[in-house]
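Here's the structure, in structure tokens; my notes come after.
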Amino acid sequence: MDTPTTTSGESGMSDGGGWFMPHRDPSAPPDGDQATPEGADARAAPALPQGYSAAPQIDAPAPQPVRVPWSAPATEGVSADALLIRRTMTEIGPVADKVTSYFYALLFVRHPELRSLFPAAMDTQRDRLLRALLMAAEHLDNTRVLVDHLQNLGRGHRKYGTRAEHYPAVGECLLGALSKYAAIVWNPETEAAWVRAYTTISQVMIDAAAADELRAPAWWQAEIVAHELRTRDVAVLTVRPDQPYPFLAGQYTSVETPWWPRVWRHYSFASAPRPDGLLTFHVKAVPAGWVSNALAHRARPGDVIRLGPPAGSMTVDHTTDSGLLCLGGGTGIAPVKALVEDVAGYGRHRPVEVFYGARTEHDLYAIETMLRLQQRYSWLTVRAVTDQQSRLRLPDAVRGYGPWNEYDAYVSGPPAMIRSGIDALRDVGIPPSRIRHDVVEERLVVAD
């Protein structure tokens, strides 16, 4: 997705939010989206493959200031380090854009050799640092959540050429930026808490990347074998990876094009794994979306793109017989289609209800495909919801059907739709534990 239509549109998603290293996107749904710590045996950053060139020098638009509201959560049961870190975050919240700018300035001045790991234009990435900090601050005492998040980041960062020895440089500049803009609360105890936290965080990422290196490449090269423009701004691309690419229906990957080296965007797989190994993506070209516009309007069969590792947990639990309630907005229908194919391929007929939303009927570019699937499978129901035909938005339409107490819910689409969809699903009685989506803040960003 290069949209936040989860991972099918130009989400500008970072790779899981990225921990202070090159990003790309989540959104997020997301997004979009590295560290190749090879343990102590670090290698030089990989060379660009044939057909790739250095990123062009451009005048990037001025980044919009980061505005992240932050209120101190309850302190009961919170560790001393977490309290100190959260206090720091409260202090820097109003000047987050200055903190991130100063951090990158320090990094590039003190360690100019790292500049080549980043895209030429930084406008889409400057808020990633704060998002990662917020994530860590929120879950510092939740080992399971934090470790899982960091392991995904460590594996994803391999494709950027990041190595283990880069992490101390990043930590040094992080502390420099925090100490400058959180001066009121900064003291030896606070600095020690950040050192301990960052040491743990970076080691988890390094170990995850080193383990991943033993079983998977840092990236895959994939040749475009088919390119179909479904609407003026939505294209369906089919690619052939240069080696087997293991993934699960409902997951997404990061994509880099030869026209924008080191700029990665996240897209959902639009089909379940296929016997021929081909992969399909739905790409929506968004304003100022470098990657999405390149893929939708410039790419042609024969062009070669890069793919990062698969990610995402919006997958089917085949150990239950629960029905699937799927909300797909825009190109968010891509992973929904993959989920339907996954259920069909597994052979257990369980009810699947799909609500496919778009602004107009013309924007329902995949409706014929979904209706053909409905004709083929008696357990599948597809309902189209357009803004023009109904006063109800896609999430609201779900309330008119049901009951949904025996269903697992899946939400994929633009960030605002994901948020409202989650609210609507909770309103109709589906508990949060049964609502699956990829974290909006990690995968999806409204702009490129």
Side-chain angles (χ1 to χ4, degrees), residues 1-2 5-9 13 15 29-33 152 155-156 158-159 212 214-228 235-256 264-283 295 301 304-320 322 324 326 328 331-350 352 354 366 369-370 372-374 376-377 379-380 382 408 410 412 436-438 443:
M1 107 183 171
D2 203 289
T5 215
T6 329
T7 65
S8 323
M13 322 169 190
D15 291 317
D31 341 243
D33 60 155
N152 285 333
R155 289 188 289 265
R158 290 184 59 212
K159 66 178 177 286
D212 190 60
L214 300 177
R215 59 176 179 265
W219 64 76
W220 287 254
Q221 295 194 71
E223 178 186 359
I224 298 175
V225 297
H227 184 288
E228 178 187 359
V236 175
L237 283 72
T238 301
V239 305
R240 179 185 294 111
D242 61 346
Q243 53 188 303
Y245 189 102
F247 73 98
L248 299 175
Q251 288 189 306
Y252 61 92
T253 187
S254 50
V255 175
E256 181 202 46
W264 297 78
R265 297 294 184 269
H266 288 178
Y267 296 88
S268 294
F269 299 103
S271 64
R274 296 166 44 165
D276 58 11
L278 297 180
L279 309 173
T280 301
F281 304 98
H282 295 182
V283 178
L295 289 174
V304 176
I305 60 177
R306 278 181 179 175
L307 306 178
S313 57
M314 201 179 74
T315 55
V316 177
D317 181 0
H318 289 293
T319 66
T320 76
S322 300
L324 275 66
C326 302
T331 50
I333 197 64
V336 170
K337 172 178 172 289
L339 294 174
V340 171
E341 293 178 354
D342 189 34
V343 172
Y346 201 76
R348 294 171 62 182
H349 294 175
R350 46 200 295 192
V352 178
V354 173
T369 299
M370 297 305 298
R372 283 197 297 270
L373 290 173
Q374 179 180 245
R376 187 181 308 166
Y377 305 119
W379 41 263
L380 173 64
V382 177
D408 292 329
Y410 297 78
S412 175
R436 299 170 187 252
H437 64 95
D438 287 304
R443 293 186 48 207

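All residue numbers in this chain count up from 1 along the given sequence. Predicted model, so just to flag it, every value in this text is computed and none were measured.
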Can any side-chain N or O of [X] pair as donor or acceptor with the backbone N or O of [Y] at less than 3.5 Å?
X	Y	answer
Thr253	Leu307	no
Gln374	Val382	yes
Tyr410	Thr315	yes
Gln251	Leu248	yes
Arg158	Ala216	yes
His227	Leu295	yes
Arg155	Asp212	no

Self-check item: Stepwise side-chain contact (heavy atoms from CB on, under 4.5 Å) test for Thr320 and Asp408
Solution: CA-CA 10 Å; Thr320 76; Asp408 292 329; 4.1 Å; yes
Practice problem: Just say parallel, tilted or perpendicular for the rings of Trp379 and His349, cut-offs at 30° and 60°. | Solution: tilted
What heavy-atom pair brings [X] and [Y] nearest, and what distance separates the two atoms?
X	Y	answer
Val336	Gly328	CG2-CA, 4.1 Å
Ala272	Glu341	N-OE1, 2.9 Å
Pro309	Gly156	CG-CA, 4.1 Å
Gly277	Pro241	O-CD, 3.4 Å
Pro273	Ala249	CD-N, 4.1 Å
Pro246	Pro310	O-CG, 3.2 Å

Exercise. Just grab all the salt bridge (charged side-chain N to carboxylate O under 4.0 Å, His left out) pairs involving residues 268-283, residues at least two apart or on different chains.
Key: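 Non-adjacent pairs meeting salt bridge (charged side-chain N to carboxylate O under 4.0 Å, His left out): Arg274-Asp276.
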Between [atom1] on residue [X] and [atom2] on residue [Y], distance to nearest 0.5 Å:
X	Y	atom1	atom2	value
Leu279	Trp220	CG	CH2	10.5 Å
Arg350	His318	CZ	NE2	7.0 Å
Thr238	Glu223	OG1	CD	12.0 Å
Asp242	Arg306	CG	CZ	11.0 Å
Asp342	Ser271	CG	OG	10.5 Å
Lys337	His282	NZ	NE2	6.0 Å

Are any non-hydrogen side-chain atoms of [X] and [Y] less than 4.5 angstrom apart?
X	Y	result
Ser313	Arg436	no
Ile224	Val304	no
Thr331	Val283	no
Val225	Pro301	no
Val239	Leu278	no
Ile333	Ser412	no

Quiz item: Hey, are Ser254 and Lys159 close enough side-chain-wise for a donor-acceptor pair under 3.5 Å?
Solution: yes
Quiz item: Counting only heavy atoms not in Arg240, do more than 12 sit closer than 6.0 Å to its CZ atom?
Solution: no
Self-check item: Candidate pair Val316 and Leu324, rule side-chain contact (heavy atoms from CB on, under 4.5 Å), full reasoning
Solution: CA-CA 9 Å; Val316 177; Leu324 275 66; 3.8 Å; yes
Exercise. Under the side-chain contact (heavy atoms from CB on, under 4.5 Å) rule, collect the residues that match up with Arg376, sequence neighbours excluded.
Key: Leu373
Practice problem: In sequence, state the C-alpha distance, the side-chain angles, and the governing distance for Val354 and Met370, and then conclude on side-chain contact (heavy atoms from CB on, under 4.5 Å). | Solution: CA-CA 9 Å; Val354 173; Met370 297 305 298; 4.3 Å; yes
Self-check item: With Phe247 via ring pair (Phe, Tyr, Trp, His ring centres under 6.0 Å) - residues at least two apart
Solution: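 Phe247: ring pair (Phe, Tyr, Trp, His ring centres under 6.0 Å) contacts with Phe269.
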